[in-house]
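Shown next, in structure tokens, is the structure this report addresses.
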Amino acid sequence: MKSIEIIVSFFVGVSATIAGTYFFSLCNWLPFKKFKGTGVIKIFDNQAQATKSILNDIKQSKILYVLTMKGESFSNKEDSPLAKYLCDAEKQHRYLVSSLDNPYLKIRKDELDKENMEDAVLLSLHNFQEAQKKNQNIELKQHEEIVRFRIIFTTNYLYLSFQEVKIAGKKSPILKIRKDSSMYRNFFSLFNDLWEKYPSV
């Protein structure tokens with residue numbers, strides 16, 4: 001219970017900070033630099049707009065850590081440019097994707113009115129496992145957490161997006177956050193805690 005309480009408390013503060021940052025940046029009521037203490041340096045409207053930046057940072061990074069639900073954006077090189085470096089053996093890859101037993105999978109399935117959510121998870125798992133045969137630096141685990149966000153870590157940046165009701169995660173805004181910030185450090189600690197919690201696939 002302690003870990004859950006910590007996570008809840010942390011995200012109340014984080015959500016308020018992000019909401020304020022995003023709101024003021026959209027309305028231009030205050031210069032965006034006023035919020036530089038949050039570590040947020042850019043907000044992309046969606047995954048498509050963030051792709052070029054993410055790829056540039058992955059290319060220069062020694063790590064690629066991802067906490068997500070399905071992981072299809074990182075497992076299928078034919079459908080997603082973000083999977084470009086999947087077989088880059090010079091990087092340490094860690095992918096934490098949803099288990100089929102995750103209760104959030106059904107919640108999200110109902111929200112998006114999608115019938116093939118489980119099939120998408122299975123396909124991503126298959127793609128990751130096939131990539132592992134070519135790249136021994138890929139580590140894969142499955143989680144059962146109800147997390148309404150996706151996190152992507154490179155050496156120097158965190159890309160954070162939230163899942164809104166009725167809106168696919170790819171269409172949600174993505175925040176780019178510097179490494180030298182409390183948000184990066186706290187989300188990195190959260191990722192590591194969850195990583196230690198679950199066994200390898």
Side-chain angles (χ1 to χ4, degrees), residues 18 22 39-99 102 104-105 108 112 114 116-143 145 147-164 167-179 183-184 187-188 190-192 194-195 200-201:
I18 291 173
Y22 189 46
V40 177
I41 62 172
K42 190 172 182 63
I43 300 176
F44 301 93
D45 288 340
N46 49 50
Q47 180 173 298
Q49 286 194 8
T51 294
K52 182 178 180 180
S53 178
I54 295 173
L55 283 175
N56 286 338
D57 290 332
I58 292 176
K59 182 179 180 180
Q60 301 174 50
S61 179
K62 294 181 179 179
I63 66 168
L64 178 56
Y65 295 172
V66 179
L67 168 64
T68 186
M69 187 170 64
K70 295 178 294 182
E72 58 188 350
S73 293
F74 296 89
S75 65
N76 192 334
K77 291 190 290 184
E78 295 181 1
D79 289 346
S80 172
L82 290 180
K84 177 179 180 180
Y85 294 103
L86 181 62
C87 292
D88 185 345
E90 295 185 1
K91 305 183 190 304
Q92 181 184 44
H93 299 253
R94 288 185 172 178
Y95 301 98
L96 193 51
V97 300
S98 180
S99 161
N102 190 337
Y104 184 48
L105 204 59
R108 196 62 177 151
L112 297 176
K114 284 191 174 182
N116 63 343
M117 195 72 77
E118 292 86 352
D119 291 340
V121 171
L122 286 172
L123 179 59
S124 285
L125 289 173
H126 171 75
N127 289 336
F128 277 127
Q129 290 169 337
E130 287 297 307
Q132 284 180 312
K133 297 176 182 178
K134 301 176 183 178
N135 183 0
Q136 296 182 348
N137 282 342
I138 294 177
E139 299 178 77
L140 177 65
K141 294 188 177 184
Q142 292 181 269
H143 68 83
E145 307 293 322
V147 287
R148 284 191 171 274
F149 56 87
R150 181 183 69 178
I151 50 181
I152 305 166
F153 284 104
T154 64
T155 300
N156 295 316
Y157 296 100
L158 157 66
Y159 289 87
L160 171 67
S161 59
F162 291 88
Q163 295 175 344
E164 303 175 61
I167 300 177
K170 294 178 181 179
K171 297 181 179 180
S172 298
I174 296 180
L175 285 70
K176 182 176 182 178
I177 301 165
R178 295 193 319 267
K179 182 178 183 177
M183 286 180 65
Y184 184 106
F187 274 103
F188 197 78
L190 173 62
F191 180 90
N192 286 332
L194 293 178
W195 187 260
S200 297
V201 176

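The salt bridge (Lys or Arg N to Asp or Glu O under 4.0 Å) check on Asp88 picks up Lys91, with sequence neighbours excluded. Listed by chain and residue number, Glu130 satisfy the side-chain hydrogen bond (donor to acceptor under 3.5 Å, both in side chains) test with Lys133 (two or more places apart in sequence, or in another chain). Residues satisfying the side-chain hydrogen bond (donor to acceptor under 3.5 Å, both in side chains) test with Ser161, not counting sequence neighbours, are none. Annotation: side-chain hydrogen bond (donor to acceptor under 3.5 Å, both in side chains) contacts of Gln142 (sequence neighbours excluded): none. In this view, Glu164 satisfies the salt bridge (Lys or Arg N to Asp or Glu O under 4.0 Å) rule with no residue, not counting sequence neighbours. Legend: residues meeting salt bridge (Lys or Arg N to Asp or Glu O under 4.0 Å) with Arg150, ordered by chain and number and at least two apart, are absent. Residues forming a ring-ring contact (aromatic ring centres under 6.0 Å, His included) with Tyr85 (at least two apart in sequence, or on another chain): none. For Tyr95, the ring-ring contact (aromatic ring centres under 6.0 Å, His included) test picks out His93, Phe128, with sequence neighbours left out. Lys141 pairs by the salt bridge (Lys or Arg N to Asp or Glu O under 4.0 Å) definition with nothing, not counting sequence neighbours. Scanning for side-chain hydrogen bond (donor to acceptor under 3.5 Å, both in side chains) contacts around Ser53 gives Tyr159, Lys176, with sequence neighbours left out.
Using a 4.5 Å cut-off on side-chain heavy atoms (C-beta onward), Leu105 and Glu118 make contact. By the 4.5 Å heavy-atom criterion applied to side chains, Leu123 and Glu72 are not counted as neighbours. Leu67 places none of its side-chain heavy atoms less than 4.5 Å from the side chain of Trp195. Contact annotation: the side chain of Phe187 never approaches that of Ile177 to less than 4.5 Å [non-hydrogen atoms, C-beta and beyond]. Annotation: side chain of Asn56 is in contact with side chain of Lys52 (closest heavy-atom distance under 4.5 Å). Residues Val40 and Leu160 form no side-chain contact, since every pair of their non-hydrogen atoms from C-beta on lies 4.5 Å or further apart.
Contacts classified as ring-ring contact (aromatic ring centres under 6.0 Å, His included) and involving residues 46-77 (residues at least two apart or in different chains) are given here: Tyr65-Phe188, Tyr65-Phe191.
The distance from atom OG of Ser99 to atom CD of Glu145, rounded to the nearest 0.5 Å, is 11.0 Å. From Gln47, atom CD reaches atom CD1 of Ile152 across 6.5 Å, with rounding to the nearest 0.5 Å. Atom-to-atom distance recorded for Thr51:OG1 and Asn46:CG is 8.0 Å, nearest 0.5 angstrom. If you take CZ on Arg148 and CE on Met69, they are separated by 9.5 Å, rounding to the nearest 0.5 Å. Residue Gln92 holds its CD atom at 10.0 Å from OG1 of Thr155, rounded to the nearest 0.5 Å.
Heavy-atom minimum distance, Lys70 versus Val97: O-CG1, 4.0 Å. Counting all heavy atoms, side chain and backbone alike, Ile41 lies closest to Tyr157 at CD1-CE2, 3.6 Å. Of all heavy-atom pairs between Ile58 and Leu82, the closest is CD1-O, 4.5 Å. The two atoms that bring Cys87 and Ala131 nearest to each other are SG-CB, 4.4 Å, heavy atoms only. Across all non-hydrogen atoms, the minimal contact from Tyr104 to Gln163 is OH-OE1, 2.5 Å. Contact between Asn135 and Ala89 at its shortest, heavy atoms only, is OD1-CA, 3.4 Å.
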What donor-acceptor contacts under 3.5 angstrom involve side-chain atoms of residues 168-175, with partners at least two apart or in another chain?
residue	atom	partner	partner atom	Å
Ser172	OG	Phe162	O	3.1

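Distance alone, capped at 3.5 Å, places no donor-acceptor pair between the Ser75 side chain and the Asn127 backbone. A distance-only check finds a donor-acceptor pair linking the side chain of Gln132 to the backbone of Ile138 [under 3.5 Å]. The backbone N or O of Asn156 sits nowhere less than 3.5 Å from a side-chain atom of Asp57 that would complete a donor-acceptor pair.
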